[in-house]
2 protein chains.
Amino acid sequence: MIRVLLADDEGMIRSALAALLRLEPDIDVVAEAADGAQAVAAAVRLQPDVCLLDLEMPGLDGVQVTEQLNRTVPTRCVVVTRHARPGVLRRALAAGAAGFVPKSRSAHELAAVIRRVAAGERYVDPEIAADALSDERPPLTDRELDVLRAGRHGETTAQIARSLSLAPGTVRNHVSAVLAKLQVTTRQQAVLLAEERGWI
Amino acid sequence: MIRVLLADDEGMIRSALAALLRLEPDIDVVAEAADGAQAVAAAVRLQPDVCLLDLEMPGLDGVQVTEQLNRTVPTRCVVVTRHARPGVLRRALAAGAAGFVPKSRSAHELAAVIRRVAAGERYVDPEIAADALSDERPPLTDRELDVLRAGRHGETTAQIARSLSLAPGTVRNHVSAVLAKLQVTTRQQAVLLAEERGWI
DNA sequence: CCCCGGCCATGACATGTGTCATGGCCGTAG
DNA sequence: CTACGGCCATGACACATGTCATGGCCGGGG
């Protein structure tokens, strides 16, 4: 029997997947979690064989949970996400995920992935993997990504500068470099693009 | 037997809900759609009793589909959404939705809602309904909403002005009014807030 | 009728934002 | 060592953005 922990902040999909997985004869859903912190706590307590982690969750996201569990619990993490971009896949693998599945796949395929991962294999969605190979890593430098992140909700230059302990001019310079590299003309467009590609 | 059409762009949740609903003895899922256009086409062809429509879909969203079907097909629409805000509920009801359920509810409750709606009742999630009553409608004027919509992806003032046939100064003025009413200091924050509340 | 209040539109002014040229720092290649 | 290239940081300048005061338009009371 494969013991599975299921974490997703959307109650509807969580309950639906739990019900379906319980119908499988060899899978048992031993815990459900609605956010990252709950997932970590439950995983530590119950030591499930496989953790199914949604990427977008309040507090800790799926990748952060994977990272924590990998250091503390002998379990294998599968990251499930709506926005399956190469950048996201990279972050998940770097955090030690054993599986990566986009939510565009069917629930049925999920059970198959769980079995393979429980058996010790790694599983990465082939389509995203192909994208990731033919795609270069973020053309932005670390500092540029920092600035983008700090400004993702429309913060002003001065606020970003304070939060990163920089001169306002420096922030503007980084932003300017980003805009040039991404071929856009406003911060907001740069943020949208970077979010879409999983760079921040 | 209640004949149901299921529309959601996320394959995983669509397949999971379809599988679960098919387990109910009195419910039959006669069609699945991955976007609004498919949903309309299938509904016209199959005349289901109930249409379960995700709000966020590429092309036509759930509310737009509801609007179209209400004029052409004798079916009852239930809008399902991740972002269940009073503004969204209002739009859904205005479009003629017979039901409104947030994705935080469990899949099991969904079947109950389908039965009630199929029986001719209307169903609105009680929690959101309560919010909607204690909440005033958007404090923004029509034109201000237009400007916000036209600038939601970081378009420049000049672009917004052109797309609405206005002088740039006018656009700035509307934006300024919005920022004051919403108590924020940048366009992007205003857009985020308005999107969050379902005003645009 | 006239006044008033809301909404829309506009242009001048202040402030914040993007561009550019420059310099420091550090690791690598010659 | 020195030269070079990448990254980071900065300030001066041009431009876009937000603020403000003003005026036109329309509909609902006195």
Side-chain angles (χ1 to χ4, degrees), chain A residues 87 90-91 94 135-200, chain B residues 87 90-91 94 135-200:
Chain A
R90 245 187 269 280
R91 281 202 298 144
D135 150 290
E136 79 286 13
R137 51 186 48 256
L140 306 179
T141 104
D142 293 350
R143 216 59 179 141
E144 286 161 359
L145 288 171
D146 287 344
V147 170
L148 261 191
R149 264 187 287 269
R152 64 181 355 183
H153 301 303
E155 288 82 351
T156 147
T157 304
Q159 292 173 315
I160 300 174
R162 267 194 298 280
S163 85
L164 297 180
S165 302
L166 286 180
T170 309
V171 172
R172 286 197 296 254
N173 189 25
H174 284 308
V175 170
S176 191
V178 169
L179 298 183
K181 286 181 184 171
L182 300 186
Q183 314 232 54
V184 296
T185 50
T186 69
R187 256 175 234 211
Q188 190 174 358
Q189 290 175 341
V191 168
L192 288 175
L193 217 158
E195 283 179 340
E196 180 145 311
R197 305 212 177 157
W199 294 341
I200 56 177
Chain B
R90 247 187 268 280
R91 281 202 298 145
D135 150 290
E136 80 283 17
R137 51 186 48 256
L140 305 179
T141 113
D142 292 350
R143 217 59 179 142
E144 285 161 359
L145 289 172
D146 287 343
V147 171
L148 262 192
R149 265 187 286 269
R152 64 180 356 183
H153 301 303
E155 287 83 351
T156 145
T157 304
Q159 291 173 316
I160 300 173
R162 267 194 300 280
S163 86
L164 297 179
S165 302
L166 286 178
T170 309
V171 173
R172 288 199 294 267
N173 189 25
H174 284 308
V175 170
S176 191
V178 169
L179 299 183
K181 287 180 184 171
L182 265 41
Q183 312 232 54
V184 296
T185 49
T186 71
R187 258 175 231 212
Q188 189 174 0
Q189 290 175 343
V191 168
L192 288 175
L193 216 158
E195 284 181 339
E196 180 145 312
R197 305 211 178 158
W199 293 341
I200 54 178

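Side chains included, hydrogens not; waters and symmetry mates left out as well; all remaining heavy atoms used.
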Name the atoms and distances for all side-chain donor-acceptor pairs under 3.5 Å in residues 172-185 of chain A, with sequence neighbours left out.
unit_1	atom_1	unit_2	atom_2	d
A:Lys181	NZ	A:Pro139	O	3.3
A:Lys181	NZ	A:Glu144	OE1	3.0
A:Lys181	NZ	A:Glu144	OE2	3.4

Under 3.5 Å, sequence neighbours excluded: what are the donor-acceptor pairs made by side chains of residues 148-155 of chain A?
unit_1	atom_1	unit_2	atom_2	d
A:Arg149	NH2	A:Asp146	OD1	3.3
A:Arg152	NH2	A:Ile200	O	3.2
A:Glu155	OE1	A:His153	N	2.9

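Not counting sequence neighbours, A:Arg91 has no partner by the salt bridge (Lys or Arg N to Asp or Glu O under 4.0 Å) test. Under the side-chain hydrogen bond (donor to acceptor under 3.5 Å, both in side chains) criterion, A:Thr157 pairs with A:Arg187, not counting sequence neighbours. Legend: residues meeting side chain to side chain contact (heavy atoms under 4.5 Å, CB included) with B:Ala158, ordered by chain and number and at least two apart, are B:Thr156, B:Arg162.
The heavy-atom pair separating B:Trp199 from B:Leu140 by the smallest distance is CE3-CD1, 4.2 Å.
For the helix from C:dC1-D:dG30 to C:dG30-D:dC1, the angle separating the two terminal helix axes comes to 0°, with each axis derived from five pairs and the value rounded to 10°.
Heavy-atom nearest nucleotides on DNA chain C were determined for B:Ala167 and for B:Thr186, and the one closer to the 5' end corresponds to B:Ala167.
Straight-line distance from the CG atom of A:Leu148 to the C1' atom of D:dC8: 16 Å, rounded to whole Å. Rounded to a whole Å, the CZ atom of B:Arg143 is 14 Å from the C1' atom of C:dT10. Regarding B:Glu144, its CD atom lies at a distance of 10 Å from the C1' atom of C:dC8, rounded to whole Å. Separating the NZ atom of B:Lys181 from the P atom of D:dG18 is a distance of 16 Å, rounded to the nearest angstrom. Rounding to whole angstrom units, CD of residue B:Gln188 and P of C:dG16 are separated by 18 Å. Nucleotide D:dC8 holds its P atom 10 Å from the CG atom of A:Leu140, rounded to whole Å. Following rounding to the nearest Å, A:His174 (NE2) and D:dG6 (P) show an atom-to-atom distance of 16 Å. In this entry the distance linking CD of B:Gln189 with C1' of D:dT17 reads 14 Å, nearest Å.
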Quick one: which protein N/O atoms are closer than 3.5 Å to N/O atoms of nucleotides 19-22 of chain C? Pair and distance per line, please.
unit_1	atom_1	unit_2	atom_2	d
C:dT19	OP2	A:Ser176	OG	2.5

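Residues of residues 153-166 of chain B having a heavy atom closer than 4.0 Å to DNA chain D, listed by number: B:Thr156, B:Thr157.
Looking only at side-chain heavy atoms (C-beta outward), A:Arg143 and A:Leu166 come within less than 4.5 Å of each other. Side-chain contact between A:Val191 and A:Glu195 is present, with heavy atoms from C-beta onward closer than 4.5 Å.
OP1 or OP2 of D:dT10 sits under 4.0 Å from a side-chain N or O of A:Thr170.
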